[in-house]
Amino acid sequence: MARTRPTAQKPLFILNGPNLNRLGKREPEIYGHTTLAEVEAMCRAAAGERPVRFHQSNAESEIIGWIHEATDTGAAGIIINPAAFTFTSIAILDALKMFQGPIIELHISNIHRREAYYHHSYVSKAATAVIAGLGPRGYAAAVHAMAALIAP
Ligand code: CA2
């Protein structure tokens, strides 16, 4: 009988916007004490066998480049915390609209409990689901939720 080679799993992109490289170091009362490196480790553990492309940038263009890469390489899904670009970036929205798979918009804090300028997300228009207010653990929750959204 011919042996079947296990098919390589498509990667999950986890993208983080401006200032999230400071996670765990500033405003822990809002964002917690967990660093972005620890968040990355939690995501990789939650993803199991599935490869994870974990990125952070303070530059909108770099985030758009990773969304294009996810689209062009047929990534399994995108989890994105666009941080402040959530409320400003039609360019990130446009890039996400071109992605065929599931998209989870993630926020560490509950943006709807905060100041009014945190209430309108452009990114939500392209998101399959939104997770907000679970703290840094929201990332692991998003990875588990993504597993259910990704077609087998
Ligand atoms: O709660 C979130 O994850 C946010 O996306 C974080 C953004 C904020 O603009 C959104 O409303 C909600 C801000 C990120 C600022 O990054 C920091 C990280 C750690 C400490 C200080 C700032």
Side-chain angles (χ1 to χ4, degrees), residues 9-48 50-73 75-150:
Q9 292 205 59
K10 291 177 175 175
L12 173 60
F13 277 58
I14 305 179
L15 306 178
N16 296 281
N19 296 307
L20 287 167
N21 52 324
R22 317 286 280 195
L23 201 62
K25 297 166 192 151
R26 296 275 169 84
E27 300 182 81
E29 64 287 357
I30 301 177
Y31 300 109
H33 290 279
T34 310
T35 65
L36 197 63
E38 289 166 338
V39 165
E40 178 174 355
M42 279 181 348
C43 288
R44 291 190 187 282
R50 186 173 295 283
V52 169
R53 307 269 185 273
F54 192 98
H55 298 292
Q56 185 276 333
S57 179
N58 298 323
E60 194 174 15
S61 63
E62 207 167 7
I63 294 169
I64 292 166
W66 290 321
I67 297 168
H68 290 170
E69 186 190 329
T71 302
D72 294 345
T73 60
I78 297 176
I79 296 170
I80 182 164
N81 183 347
F85 291 148
T86 309
F87 317 103
T88 62
S89 183
I90 295 173
I92 288 178
L93 169 63
D94 286 343
L96 288 170
K97 279 180 175 169
M98 292 181 241
F99 182 70
Q100 298 284 319
I103 297 167
I104 298 181
E105 175 187 347
L106 174 90
H107 300 284
I108 297 165
S109 62
N110 179 355
I111 55 175
H112 299 289
R113 274 182 73 163
R114 302 183 64 190
E115 294 88 339
Y117 51 81
Y118 289 129
H119 292 176
H120 178 263
S121 164
Y122 283 106
V123 170
S124 291
K125 276 274 174 210
T128 312
V130 181
I131 294 175
L134 293 178
R137 284 196 194 89
Y139 282 85
V143 171
H144 290 303
M146 184 57 89
L149 290 174
I150 293 169

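Numbering of ligands and ligand atoms starts at 1, following listing order. When reading the values below, keep in mind they use all heavy atoms of this one structure, side chains included, and skip hydrogens, waters and symmetry mates.
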Side chains of residues 75-86: which donor-acceptor partners sit under 3.5 Å, not counting sequence neighbours?
| residue | atom | partner | partner atom | Å |
| --- | --- | --- | --- | --- |
| N81 | OD1 | A83 | N | 3.0 |
| N81 | ND2 | Y139 | OH | 3.3 |
| T86 | OG1 | A83 | O | 2.4 |

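At distances below 3.5 Å, not a single donor-acceptor pair connects side-chain atoms of H33 with backbone N or O atoms of G24. Between the side chain of Q56 and the main chain of G17, a donor-acceptor pair closer than 3.5 Å is present. Listed for the R44 side chain is a donor-acceptor partner under 3.5 Å among the backbone atoms of V52. Under the 3.5 Å distance criterion, the side-chain polar atoms of T128 are left unmatched by any main-chain donor or acceptor of I104.
Screening Y117, Y118, Y122 for a ring pair (Phe, Tyr, Trp, His ring centres under 6.0 Å) with F87, the sole residue that qualifies is Y118.
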Could you go through ligand 1 and note, for every N or O atom, any protein N or O atom closer than 3.5 angstrom, writing the atom names and distance to 0.1 Å, or 'none'?
| residue | atom | partner | partner atom | Å |
| --- | --- | --- | --- | --- |
| ligand 1 | 1 (O) | I108 | N | 3.1 |
| ligand 1 | 1 (O) | S109 | N | 2.8 |
| ligand 1 | 1 (O) | S109 | OG | 2.6 |
| ligand 1 | 3 (O) | N81 | ND2 | 2.8 |
| ligand 1 | 3 (O) | I108 | N | 2.7 |
| ligand 1 | 5 (O) | N81 | OD1 | 2.9 |
| ligand 1 | 5 (O) | H107 | ND1 | 2.9 |
| ligand 1 | 16 (O) | N19 | O | 3.4 |

